[in-house]
Amino acid sequence: KAHKLQSEFVSNASHEIRTPLSTIQLETELILKDKNASREDLREILQSNLEEAKSLESLTSMLLRLSKIEKIALENVNLNEIVKNRLEKFPSDKINFTESKEFIVYANETAIAELATILVDNALKYNTSKEKIDVKIFRENRQAILEVSNFSRQIEKSELDKLFERFYRSDNARSCNGKCEGHGLGLAIAKKLVENLESSLTVHNEKVAGEEEKFRTTFKVGLKFGK
C-alpha cells in the first residue's frame, strides 16, 4: 500500500511539473521559429514563461514543505494570538472572526500559523457567496477548537474523504474559471501538520437551514490545552 501511494505521488508530482514545463518549451520553440516576431511578441512570451516559472516555484516549494514536516517541537502557545496575527494578512472585510475566550494550547506556533493560513486561504478561494467566511475559536469536548467555514456547493462524503489527499482538487476547484490557483497540496500539508501536532482535523458539509441550495463546508482543528 505504501509503495502504491508513493508511486501515485511521484506520478502526480511529475504531471504537475510537466505541464508548465511543456508550455514553456512549446511557446519558446514557436517564437524562435517566427522570424517576424516583434519586440512585443517576445515580451508577451517572456511574460507567459515567467508566470509558468512562478507556478513551478510555488509547486516545488509546497512539495519541499510537505517532505520536511517531521516531528514538531510542542510547547504552550497562545492560539488566539497566533490566529489573529495570521488573519491580518487577509482582507478583513471578507472574514468574520469570533472567539469565546483566550486559549493556551500545547502545540507549535509555526505549525498553527501555517494551518490557519491554509484553511482561511482555502475558505476564501472556494466561498460561493459574497458573505464573509467564519473563523471561530472556542472550547469543545475538552479541546480548543479552531474552526473555519464558508458557503459552498453540496459535497458528497466520498469527495470529502479525498480532500486531504495530495494533488486532489474537487469539482468545485476545477469549475472556478482559473480563479482558484493551487496544486491540491494545501490540505495535505494541513493534515500532516495536525498529525505531528497530535491533534485532529475534520471536515463537514451541511445544508444551511432555511436555504434551498446553500451549504456550508466547515474545517475543525482540535488542539490539546497547554500543560
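Heavy atoms only: backbone and side chains are in, while hydrogens, waters and symmetry mates are out.
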*Evaluate the criterion side chain to side chain contact (heavy atoms under 4.5 Å, CB included) for residue pair Leu146 and Val135; output intermediate values, then yes/no.*
CA-CA 7 Å; Leu146 167 61; Val135 179; 4.1 Å; yes
According to salt bridge (Lys or Arg N to Asp or Glu O under 4.0 Å), who are the partners of [X], at least two apart in sequence or on a separate chain?
{"X": "Glu140", "result": "Lys220"}
{"X": "Lys84", "result": "Glu99"}
{"X": "Lys224", "result": "Glu198"}

Partner set under side-chain contact (heavy atoms from CB on, under 4.5 Å) for [X], not counting sequence neighbours:
{"X": "Glu40", "result": "Ser38, Arg43"}
{"X": "Ser92", "result": "none"}
{"X": "Asn122", "result": "Tyr126, Leu187, Phe219"}
{"X": "Ala190", "result": "Leu115, Ile118, Leu201"}

Rounded to the nearest 0.5 Å, what separates atom [atom1] in [X] from atom [atom2] in [Y]?
{"X": "Glu52", "Y": "Thr28", "atom1": "CD", "atom2": "OG1", "value": "10.5 Å"}
{"X": "Leu193", "Y": "Ile112", "atom1": "CG", "atom2": "CD1", "value": "10.0 Å"}
{"X": "Leu74", "Y": "Glu109", "atom1": "CG", "atom2": "CD", "value": "13.5 Å"}
{"X": "Ser200", "Y": "Gln143", "atom1": "OG", "atom2": "CD", "value": "4.5 Å"}
{"X": "Asn196", "Y": "Lys191", "atom1": "CG", "atom2": "NZ", "value": "12.0 Å"}
{"X": "Gln154", "Y": "Phe215", "atom1": "CD", "atom2": "CZ", "value": "3.5 Å"}

*Do side-chain atoms of Asp34 reach the backbone of Leu30 as a donor and acceptor pair under 3.5 angstrom?*
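No; judged by distance alone, with no hydrogens or angles, the pair does not exist.
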*Backbone N or O of Ile155 within a donor-acceptor pair of the Asn205 side chain at under 3.5 Å?*
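Pair found, side chain donor or acceptor close to backbone of Ile155.
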*ring pair (Phe, Tyr, Trp, His ring centres under 6.0 Å) against Phe151, all qualifying residues, sequence neighbours excluded*: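 Per chain and number, Phe151 pairs via ring pair (Phe, Tyr, Trp, His ring centres under 6.0 Å) with no residue.
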*Of all residues at least two apart in sequence or in a different chain, which pass the ring pair (Phe, Tyr, Trp, His ring centres under 6.0 Å) check with Phe138?*
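Expected list: none.
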Can you check whether [X] reaches [Y] side chain to side chain, under 4.5 Å on heavy atoms?
{"X": "Asn108", "Y": "Leu197", "answer": "yes"}
{"X": "Asp121", "Y": "Phe90", "answer": "yes"}
{"X": "Asn76", "Y": "Val105", "answer": "no"}
{"X": "His204", "Y": "Ser149", "answer": "no"}
{"X": "Glu29", "Y": "Leu32", "answer": "no"}
{"X": "Val221", "Y": "Leu119", "answer": "yes"}
{"X": "Asn150", "Y": "Leu124", "answer": "no"}

According to a hydrophobic-cluster definition based on side-chain heavy atoms being under 4.5 Å apart (Ile, Leu, Val, Met, Phe, Trp, Tyr only), do [X] and [Y] belong together?
{"X": "Ile104", "Y": "Ile82", "value": "no"}
{"X": "Tyr106", "Y": "Ile145", "value": "no"}
{"X": "Ile137", "Y": "Leu87", "value": "yes"}

*side chain to side chain contact (heavy atoms under 4.5 Å, CB included) partner of Val203, the single match among Val148, Leu160, Thr218*: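 Per the side chain to side chain contact (heavy atoms under 4.5 Å, CB included) rule, the option paired with Val203 is Leu160, out of Val148, Leu160, Thr218.
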*If you take all heavy atoms of Ser199 and Gly222, which pair is closest and at what distance?*
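Nearest pair, atom of Ser199 first, then Gly222: CB-O, 2.9 Å.
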*Of the non-hydrogen atoms in Arg153 and Thr128, which two are nearest, and what is the gap between them?*
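Closest heavy-atom pair between Arg153 and Thr128: N-CG2, 4.0 Å.
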*Check: Ser152/Asn127 side-chain N/O donor and acceptor closer than 3.5 Å*: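 Short answer, no.
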*Pairing residues for Glu102 by the side-chain hydrogen bond (donor to acceptor under 3.5 Å, both in side chains) criterion, not counting sequence neighbours*: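 Applying side-chain hydrogen bond (donor to acceptor under 3.5 Å, both in side chains) to Glu102 gives Asn78.
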_List the residues meeting side-chain hydrogen bond (donor to acceptor under 3.5 Å, both in side chains) with Thr117, not counting sequence neighbours, and say none if there are none._
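If we apply the side-chain hydrogen bond (donor to acceptor under 3.5 Å, both in side chains) test to Thr117, skipping adjacent residues, the hits are Arg86.
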_Taking atom CD as the centre, does Glu44 end up with more than 12 heavy-atom neighbours from other residues, nucleotides or ligands that are less than 6.0 angstrom away?_
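For Glu44, atom CD is not crowded (no more than 12 foreign heavy atoms under 6.0 Å).
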*asked:* According to salt bridge (Lys or Arg N to Asp or Glu O under 4.0 Å), does anything in residues 126-139 pair up with another residue at least two apart or in another chain? List the pairs.
replied: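 As it turns out, the salt bridge (Lys or Arg N to Asp or Glu O under 4.0 Å) pairs with a partner in residues 126-139, which skip direct neighbours, are Glu131-Lys214, Asp134-Arg216.
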*Step by step, work out the side chain to side chain contact (heavy atoms under 4.5 Å, CB included) result for Ile189 and Lys192.*
CA-CA 5 Å; Ile189 291 174; Lys192 194 164 184 180; 5.8 Å; no
*asked:* Let's go through Ile31 and Leu42 carefully: what are the C-alpha distance in whole Å and the side-chain angles of both, what is the deciding distance for side chain to side chain contact (heavy atoms under 4.5 Å, CB included) to 0.1 Å, and is it a yes or a no?
replied: CA-CA 7 Å; Ile31 201 69; Leu42 294 171; 3.6 Å; yes
